[in-house]
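Notes to accompany the following structure.
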Amino acid sequence: LALWLVVSVVYVGFWLAFAMLCSVAMRRAATSALIAIALWLAVSLFADLLVGVAADVISPVPAQATSDQQLANAQTQLFLSHLSPTTLYTDATAALLDPTVTTVGIVTQAQADRAVAGVLPLDQSLLVVWPELVGLVALTVVGFAAGYVLLMRQEVRA
């Protein structure tokens, strides 16, 4: 639970960094708040839908699709969904709170046959979600850094 709390704080920190970036970038507070809330709602509610549409455009699946085409579409969808902080947070919390989760990506039948049956210890669960945790921390750091740089540029001009 302590690790989940740390991941939750980083996730909230990302949205705080984004709100701070909007506040620095926009002249009016109301505009900043509306943009931050609108993007949060769009990412939280419609990210999966938008990712599915984008994956179908990037790697389309025809009516008589082969398994390679379907796998390419699924991999594209997984890659695009990992650009969303909500997906990163959801995957990380699922593996940290449920030790029966052994993967957060695409699993082929050959990989499923070689998977370890049973629950994972905490260190193995951390290894499963390590890329998601690094991505979430990186997005948070980039958000704060961008807000800080933008603020400093405005302060230097003033």
Side-chain angles (χ1 to χ4, degrees), residues 3-4 6-26 31-117 120 123-150 153:
L3 286 174
W4 173 79
V6 170
V7 172
S8 297
V9 167
V10 171
Y11 177 68
V12 170
F14 167 78
W15 289 112
L16 176 68
F18 179 72
M20 183 187 74
L21 180 64
C22 287
S23 177
V24 171
M26 306 298 161
T31 305
S32 169
L34 286 175
I35 288 175
I37 291 171
L39 188 72
W40 172 72
L41 281 174
V43 167
S44 297
L45 299 177
F46 303 116
D48 292 334
L49 176 69
L50 296 173
V51 163
V53 170
D56 288 341
V57 169
I58 294 170
S59 58
V61 179
Q64 301 294 331
T66 64
S67 60
D68 289 337
Q69 290 172 325
Q70 292 174 347
L71 183 61
N73 181 274
Q75 288 174 336
T76 303
Q77 189 169 0
L78 183 66
F79 172 76
L80 292 175
S81 70
H82 278 103
L83 298 175
S84 166
T86 304
T87 303
L88 295 174
Y89 176 72
T90 303
D91 289 349
T93 57
L96 287 176
L97 295 178
D98 185 8
T100 60
V101 174
T102 58
T103 184
V104 291
I106 300 170
V107 180
T108 62
Q109 186 62 34
Q111 292 170 334
D113 292 339
R114 292 182 285 163
V116 176
L120 294 177
D123 59 338
Q124 295 297 314
S125 291
L126 280 173
L127 287 176
V128 167
V129 295
W130 186 250
E132 284 78 8
L133 296 175
V134 169
L136 195 57
V137 168
L139 284 173
T140 304
V141 168
V142 165
F144 277 116
Y148 179 75
V149 167
L150 191 59
R153 286 184 177 221

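These numbers come from the heavy atoms of this one structure, side chains and all, not from hydrogens, waters or symmetry mates.
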Residue pair Val43, Phe18: steps toward the side chain to side chain contact (heavy atoms under 4.5 Å, CB included) verdict: CA-CA 12 Å; Val43 167; Phe18 179 72; over 6 Å; no

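- Counting only N and O atoms by type, the side chains of Ser81 and Thr87 include no donor and acceptor under 3.5 Å apart.
- With hydrogens and angles ignored, the 3.5 Å screen pairs a side-chain donor or acceptor of Gln69 with a backbone N or O of Thr66.
- Note: Leu21 CG to Phe144 CZ = 10.5 Å, rounded to the nearest 0.5 Å.
- For the atom pair CD1 of Ile58 and CD of Gln77, the computed distance is 10.5 Å after rounding to the nearest 0.5 Å.
- Pairing each heavy atom of Gly135 with each of Leu88, the nearest pair is C-CD1, 3.8 Å.
- At a threshold of 4.5 Å between non-hydrogen side-chain atoms, the residues Asp91 and His82 count as touching.
- Between the CH2 atom of Trp40 and the CG atom of Leu45 there is a distance of 7.5 Å, given to the nearest 0.5 Å.
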For Thr140 and Tyr11, run side chain to side chain contact (heavy atoms under 4.5 Å, CB included): C-alpha distance rounded to whole Å, both residues' side-chain angles, the deciding distance at 0.1 Å, then the answer. CA-CA 8 Å; Thr140 304; Tyr11 177 68; over 6 Å; no

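- Residues Pro85 and Trp15 share a closest heavy-atom pair of CG-CZ2, 3.9 Å.
- For the pair Leu80 and Ala54, the tightest heavy-atom approach, listed with the atom from each and the gap, is CD1-CB, 3.8 Å.
- Among all heavy-atom pairs drawn from Ser59 and Thr76, the shortest one is OG-OG1, 3.2 Å.
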Walk me through it: do Leu96 and Leu126 pass the test side chain to side chain contact (heavy atoms under 4.5 Å, CB included)? CA-CA 7 Å; Leu96 287 176; Leu126 280 173; 3.7 Å; yes

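- Residue Ala55 comes nearest to Asn73 through the heavy atom pair O-ND2, 3.2 Å, listed as atom of the first residue, atom of the second, then distance.
- A pairwise comparison of heavy atoms in Ser32 and Ala19 identifies OG-O, 4.1 Å as the closest pair.
- Panel note: side chain Thr93, backbone Thr90; a donor-acceptor pair is recorded below 3.5 Å.
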Show the numbers, then the answer: is there a side chain to side chain contact (heavy atoms under 4.5 Å, CB included) between Leu71 and Gln75? CA-CA 6 Å; Leu71 183 61; Gln75 288 174 336; 4.0 Å; yes

Quick one: do Ser84 and Tyr89 satisfy side chain to side chain donor-acceptor pair (under 3.5 Å)? Show the steps, please. CA-CA 9 Å; Ser84 166; Tyr89 176 72; over 6 Å; no

